[in-house]
Amino acid sequence: MRLHEYQSKEIFTEHNIPIPRGRLASTHEDARLVAEELAGPVVLKAQVLMGGRGKAGGICLVKSPEEADEEASKILGRRINDIAVRRLLIEEAINILQEIYFSMAIDRETCETVMIASAEGGMNIEEVARSTPEKITRVGVNSLLGLRDFQARNLAAEIEIPRQLWRPFISLAKNLYNAFLKYDATLAEINPLVITAEQHLVALDGKIIIDDNALFRHPVFVDKRDISFEAPEETEARKFGLSYIKLDGNIGCLVNGAGLAMATLDIIKHKGGKPANFLDIGGGASSDKVAAALRIILGDPQVEKVLINIFGGITRCDAVANGIQLALEEIQTQVPFVVRMAGTHHAEASRILSGSNIQTTTTLEEAADMVVNIKSAATT
Ligand code: GDP
Ligand code: MN
């Protein structure tokens with residue numbers, strides 16, 4: 001789950017990472033008030049969950065409360081990359097000497113946290129990564145030893161942070177590491193981390209992503225989840241506890257178990273087909289859940305055929321079959337189905353599903369062959 005900038009900055013404050021003074025505003029009157037409180041030039045920052053807000057017009061520097069009022073009424077309610085702007089973070093403007101990139105992420109190869117930094121942070125960091133990757137430094141953090149001072153110091157030297165800022169940088173790095181661990185983050189990014197004209201380090205932006213699998217340990221964020229940037233089918237899937245990921249093929253897939261779902265996608269590819277999605281209904285799925293899954297799959301206009309692969313163990317094949325029936329009564333589709341079911345109550349399931357648009361089989365290989373070669377409704 002990706003947190004908003006203002007939420008990430010709340011975590012920064014909790015961990016003694018300096019941020020500009022400021023607060024949220026959701027109306028232009030409020031924006032004016034905050035600007036008055038801050039007494040000086042302020043920056044209006046659209047709280048939308050997307051990269052490159054600055055380039056898309058979501059960041060605006062103004063000199064007076066009147067101007068804050070005026071610009072806020074322009075940005076609020078506007079859409080940036082199709083996401084409506086409902087809140088602005090209004091912060092004191094900072095005099096920037098240098099923009100640094102600094103983050104903690106997970107290195108899946110070494111299975112440890114990695115600190116990533118560059119002297120050339122800011123809005124063009126992607127370009128820096130592409131054209132001059134040598135300007136980006138990575139330092140692994142051993143999870144048993146934790147982040148050591150010397151590692152942060154070496155990093156500071158490497159990206160040429162002025163020596164008098166090494167100590168504050170070391171504290172900041174350790175604080176960010178602690179925040180990263182405490183919130184089970186997969187990313188904690190400060191871009192830019194700025195050196196101000198007054199020679200301080202300030203986190204001007206913040207982006208924290210919390211591992212979805214650890215969200216139950218951080219319930220405060222679950223209630224605040226912002227779904228305005230998500231594909232609606234992903235929101236729907238989460239509501240029913242389904243793992244759904246949209247892909248770009250034409251064969252919709254409904255499978256129980258993540259491993260089996262991946263094997264299913266592999267074999268479809270192997271047989272020359274293209275999966276439209278990954279979807280794991282999980283163990284012991286009820287008919288309701290299966291029906292919801294099927295509604296999501298059939299809601300994708302690219303889906304021309306569907307493969308259902310169920311290995312009945314705790315999940316009962318007949319419950320899945322009932323779910324399919326339930327969804328099909330409601331949806332009325334011409335899309336052909338191939339159903340592979342094996343295990344608990346599969347014979348009963350086959351009986352339930354003996355419809356004209358549905359072919360059944362008990363092996364995955366055969367099912368994959370069938371679905372790849374079957375003619376879709378669109379082409380018959
Ligand atoms: P992003 O585009 O979504 O990453 O938004 P950021 O919060 O990183 O802001 C983008 C850019 O706006 C920064 O890299 C700065 O160059 C500029 N910016 C943001 N806040 C200030 C500020 O207080 N003063 C100045 N001078 N520039 C700012
Ligand atoms: Mn940024």
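Being a predicted model, the structure only gives us computed values, none of them experimental. One-based numbering, in listed order, for ligands and for the atoms of each. Residue numbers count from 1 along this sequence.
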Per-atom contacts of ligand 1 with Ile96, taking only distances under 4.0 Å to non-hydrogen atoms: 24 (N), 25 (C), 26 (N), 27 (N), 28 (C)

Donor-acceptor under 3.5 Å (Asp280 side chain, Gly257 main chain): yes

Reference residue Glu91; test side chain to side chain donor-acceptor pair (under 3.5 Å); the match among Arg23, Arg21, Lys9: Lys9

Side chain, backbone, both or neither: the part of Val43 lying under 4.0 Å from ligand 1 by heavy atom: side chain

N, O or S from Met123 under 2.8 Å to the Mn ion (ligand 2): no

Interfacing atoms of ligand 1 (cut-off 4.0 Å, heavy-atom, Gly54): 1 (P), 2 (O), 3 (O)

Per-residue contact class, Glu91 against ligand 1 - non-hydrogen pairs under 4.0 Å: neither

Polar side-chain atom of Thr360 near backbone of Ser350 as donor-acceptor pair, under 3.5 Å: no

Atom 21 (C) of ligand 1 - nearest protein heavy atom and its distance: Leu204 CD2, 3.6 Å

N/O/S atom name from Asp205 that is nearest to the position of the Mn ion (ligand 2): OD2

Exceeds 12 heavy-atom contacts within 6.0 angstrom, atom CD of Glu109: no

Polar side-chain atom of Thr344 near backbone of Gly313 as donor-acceptor pair, under 3.5 Å: yes

